[in-house]
Amino acid sequence: MRYRALGSRRVVNASALFAGVMGALSLAAIGSVRATTIDLDLGTPPHVPSNFAISFDALHGIGLHGQALSLDFSFSNGEFVRLFTVIRNPFVALLKLQTNSSGMVNFLHGTGFLVDQHGNPLDQPLQLGSAAGSNGSLAAGLFPLLSGDLQRPFDFFGIHLDLRLPAAPSCITARHSVY
């Protein structure tokens, strides 16, 4: 995969992948966008992994036309994630989308944030890191602990992403993951 960090932070070499996604915001340049809500099951408590992946198919068949896409990932059954004071590896919520393209389809762009139990942002929206693979895969990563505004430990109940899809003659297939 080819990686590119957006914004002034060069954070794309983060080694730990983790999951979680929810909230509600829209890209300022395009106005209000209705978000697609996707529930994620974190598994049986207590669940304390250093990384894991959750697959979903809610975006299957969406064409890549340069459009805006807002995603609210929420944890099922009132579950939440607690980030403790000491974390060995950088925390990142990574969304990976697979397309039916056999080559590079360009990068996702956007912002994201963690949300509290009421769906409110825990921090200001952050620019996402972005990646695209030569196999038609796309990825967007949220690195919320780099802003320095979140005091640990804290709980979050989901993650929200506002994405701008690339314009490419392909569509998203059923294999999507949140890490």
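Along the sequence shown, residues carry numbers from 1. Keep in mind that this is a model prediction, so the values were computed, not measured.
- Atom CZ of residue Phe80 and atom CG of residue Leu114 lie 14.0 Å apart, to the nearest 0.5 angstrom.
- In plain terms, the two heavy atoms of Phe113 and Asp123 that are nearest each other are CB-O, 4.0 Å.
- Side-chain contact between Val115 and Leu122 is absent, with no heavy-atom pair separated by less than 4.5 Å.
- Checked by atom type, the side-chain pair Asp162/Ser70 shows a donor-acceptor distance below 3.5 Å.
- Taking both residues in full, the closest heavy atoms of Asn106 and Ala132 are given as O-CB, 3.3 Å, listed atom of the first, atom of the second, then distance.
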side-chain contact (heavy atoms from CB on, under 4.5 Å) between Leu69 and Arg164, intermediate numbers included: CA-CA 6 Å; Leu69 182 64; Arg164 172 70 68 183; over 6 Å; no

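- When all heavy atoms of Ser137 and Lys96 are compared, the closest pair comes out as CB-CE, 4.0 Å.
- Checked against the 6.0 Å centroid threshold, Phe75 and Phe157 do not count as a close aromatic pair.
- Asp116 places a side-chain N or O within 3.5 Å of a backbone atom of Gly119 that can act as its donor or acceptor partner.
- The main-chain N or O of Asn77 is never found under 3.5 Å from a side-chain atom of Glu79 such that the two would form a donor-acceptor pair.
- Residues Leu161 and Leu128 form a side-chain contact, since some pair of their non-hydrogen atoms from C-beta on lies under 4.5 Å apart.
- Interatomic distance, CZ of Phe143 versus CG of Leu94, reported as 7.5 Å (0.5 Å rounding).
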Verdict with supporting geometry, Asp155 and Val81, side-chain contact (heavy atoms from CB on, under 4.5 Å): CA-CA 5 Å; Asp155 300 337; Val81 173; over 6 Å; no

Go through the steps to decide whether Leu108 and Leu165 satisfy the test side-chain contact (heavy atoms from CB on, under 4.5 Å), and finish with yes or no. CA-CA 5 Å; Leu108 293 169; Leu165 298 176; 3.5 Å; yes

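- The closest side-chain donor-acceptor pair between Asp39 and Ser76, if any, does not fall under 3.5 angstrom.
- Of all heavy-atom pairs spanning Val105 and Ser170, the tightest one is CG1-OG, 3.7 Å.
- In this structure a side-chain-to-backbone donor-acceptor pair under 3.5 Å is missing from Ser130 to His109.
- Ala140 approaches Leu163 most closely through the heavy-atom pair CB-CD2, 4.1 Å.
- Interatomic distance, CG of Leu97 versus NE2 of His60, reported as 13.0 Å (0.5 Å rounding).
- Atoms CG and OG1, from Leu126 and Thr111 in turn, are 8.5 Å apart once rounded to the nearest 0.5 Å.
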What verdict does the side-chain contact (heavy atoms from CB on, under 4.5 Å) test give for Ile172 and Leu64, after you've listed the backbone C-alpha separation in whole Å, the side-chain angles of each residue and the deciding distance to 0.1 Å? CA-CA 7 Å; Ile172 298 171; Leu64 302 179; 4.0 Å; yes

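- To the nearest 0.5 Å, atoms OG (Ser55) and CG (Leu40) are separated by 10.0 Å.
- The line from OG1 of Thr173 to CG of Asp57 is 10.5 Å long, rounded to the nearest 0.5 Å.
- Between Gln98 and Asn135, the closest side-chain pair of non-hydrogen atoms falls below 4.5 Å.
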